[in-house]
There are 2 protein chains.
Amino acid sequence: MPLRPVTRRSVSDEVFDQLLDGVVDGDLVAGEPLPSERRLAEVLGISRPAVREALQRIAQTGLVEVRHGGATTVRDFRRAAGLDLLPRLLVRGGRLDAAIGRSVIEARAEVGPGIAALAATRGGPGLAAGLDEVIDRMTATADAIAWQELALDYWDLLVDGADSLVFRLMYNSLRTAYEPALPALAAVLADEVGQVEPYRLLAAAIRAGDAQTARAAASRVLTPTAEALLTAFAALETSEAEQ
Amino acid sequence: MPLRPVTRRSVSDEVFDQLLDGVVDGDLVAGEPLPSERRLAEVLGISRPAVREALQRIAQTGLVEVRHGGATTVRDFRRAAGLDLLPRLLVRGGRLDAAIGRSVIEARAEVGPGIAALAATRGGPGLAAGLDEVIDRMTATADAIAWQELALDYWDLLVDGADSLVFRLMYNSLRTAYEPALPALAAVLADEVGQVEPYRLLAAAIRAGDAQTARAAASRVLTPTAEALLTAFAALETSEAEQ
DNA sequence: GTGGTCAAGTGGTAAGACCAGTTGCGATCG
DNA sequence: CGATCGCAACTGGTCTTACCACTTGACCAC
């Protein structure tokens, strides 16, 4: 029995999740006002500061708009939310959303090669050396989860090499969304373990400073994973539809 | 004298900004503990709940980590922050950060064509019709700011057509970063006003459902703006270096 | 050295009061 | 009669104080 760290949930965490679910599920309609803080505190049986902390956090993500003196109104999260919301949408209630998962794969396939191209232009041999080191650790790995973590480390270096804050922040958001689901996804990607050749080719293109080759090589790195995940998501959706 | 809406800043807003600046500027070193909430409240001359609200919001963005019973520690925002932080980084203290601005342009040039390709595959003629309507409004516009806003509307439709939540959220984050700087940028992009032809070509590719053409057309839409902004940023950086 | 205990410090929650804006209704004035 | 002003009754914003829950580290007994 693998002991897991216990998850403590504070009251405001709980309220935060309830509000988030309400907005995303549409129970809280965009444009409609939220109950007042005092009312929420009363209904939920908690203190007003606890409600406020949850509301402030929800407002920080753009899901609601609070106006001093006026009512707090729900916003359309598809319009107002930023990429930071992705982790909370991809896996909700312990379940993976297949449609969103597919969207993540698409974005990865689109953005990844661009990052590789920038990294090839700016990274230099130092970056390539770091990538080679990760590849060495990959060759020594048989565990699917450890493999995926190394793949993330590999991309982490690549993003650093691209030297672009926007791509860095995008990557952080995507990684935060990806990591909780990693154990589940690693099982689907078990066949990938040991396939280091694409990673080597990409590292070589980086070392050569060849942006176009790097772009193509990155695509080759991402494609097998993308296809495996897409078929897995499709299977997940049909099984859900049957229920 | 053009009257502007007054900006009300609450106490917790003020603290939030101070903490954010501290983390981003490095005054608050990553890994180091923050002063306790009681101490912060004392030093800042405000109540503890106000401090807590600011801290919770900062924690929501990933800049600090709070642990019940333990100290609240600063995190490396380059590692921990998501794309939602971009608006706060791009324009800080009323000034535009040229390096980050360049990064935004790069990301836009990389992601935009991908969105256009997806939109061509999924949008259909309904999307093209909507785009045409925006184009019509663009032709009737001489004001640079209004033009930029229409360009954003155009992309908004495109992102909708791509039918990808991740790209939608990315776009929202980028737009939130972009919009506050729009008046300043519009001046740089004044020459663009009236150049609707690239937009028409892209709309045509969307209507035809031709992803490859749409990708190229999107690139043609973005390139002139990108070049103009990059040169402007370069000039901005040299002028800053002189100071 | 191992484990247990305890005190001090930290964040988490609660209650109540008051300040500061917004809204809408009704009295008032033209 | 209609437009306007002003006053209540909301709303969120802040403060104070107290206590609970958790972590840490020092100390002590085994």
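Letters go in sequence order (proteins before strands), and every chain restarts at 1.
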Summary of protein contacts for nucleotides 17-24 of chain C, nucleotide by nucleotide, where a base hit scores B, a sugar-phosphate-only hit scores S (4.0 Å, heavy atoms): BB-BBSS-

Spacing between B:Glu53 atom CD and C:dG11 atom C1', to the nearest angstrom: 15 Å

Nearest-Å distance for atom pair CZ/C1', residues A:Arg9 and C:dT13: 16 Å

Touch class at under 4.0 angstrom, heavy-atom based, for B:Leu55 against every strand present: nothing

A:Ser47 vs C:dA14: side-chain N/O to OP1/OP2 distance below 4.0 Å: yes

Value in whole Å for how far the C1' atom of C:dG11 lies from CZ of B:Arg39: 17 Å

Nearest atoms (heavy-atom pairs only) where A:Ala59 meets A:Val66: CB-CG1, 4.1 Å

Under 3.5 Å donor-acceptor, A:Thr72 side chain and A:Leu34 backbone: no

Proximal nucleotide (of D:dT14, D:dT16, D:dG12) relative to the B:Pro49 side chain: D:dT16

Separation of atom CZ in A:Phe16 from atom P in C:dG12, rounded to whole Å: 15 Å

Candidate nucleotides D:dT14, D:dG12, C:dA15, ranked by approach to the side chain of A:Thr72 - the nearest: D:dG12

Sidechain N-carboxylate O distance under 4.0 Å for B:Arg92, B:Asp17: no

Phosphate OP1/OP2 of D:dG13 contacted by B:Ser10 side-chain N/O (<4.0 Å): no

B:Glu179 side chain near B:Glu149 side chain, heavy-atom distance below 4.5 Å: no

Rounded distance (nearest 0.5 Å) linking atom CD1 of A:Ile58 with atom CD of A:Gln18: 10.5 Å

B:Ile46 side chain, from C-beta outward: closest of C:dT13, C:dG11, D:dC15: D:dC15

Side-chain donor or acceptor of B:Asn172 paired with backbone N/O of A:Gly82 under 3.5 Å: no

Sugar-phosphate, base or nothing in reach of B:Glu65, heavy atoms under 4.0 Å: nothing

Nucleotide D:dT16, atom C1' - distance to CZ of A:Arg52 in whole Å: 15 Å

Rounded distance (Å) that lies between atom P of D:dC22 and atom CD of B:Glu37: 16 Å

Value in whole Å for how far the P atom of C:dT10 lies from CD of B:Glu42: 11 Å

Step-by-step salt bridge (charged side-chain N to carboxylate O under 4.0 Å, His left out) determination, A:Asp160 to A:Arg168: CA-CA 7 Å; A:Asp160 268 351; A:Arg168 177 80 236 177; 2.8 Å; yes

D:dG13 phosphate, OP1 or OP2, under 4.0 Å from A:Gln56 side-chain N/O: yes

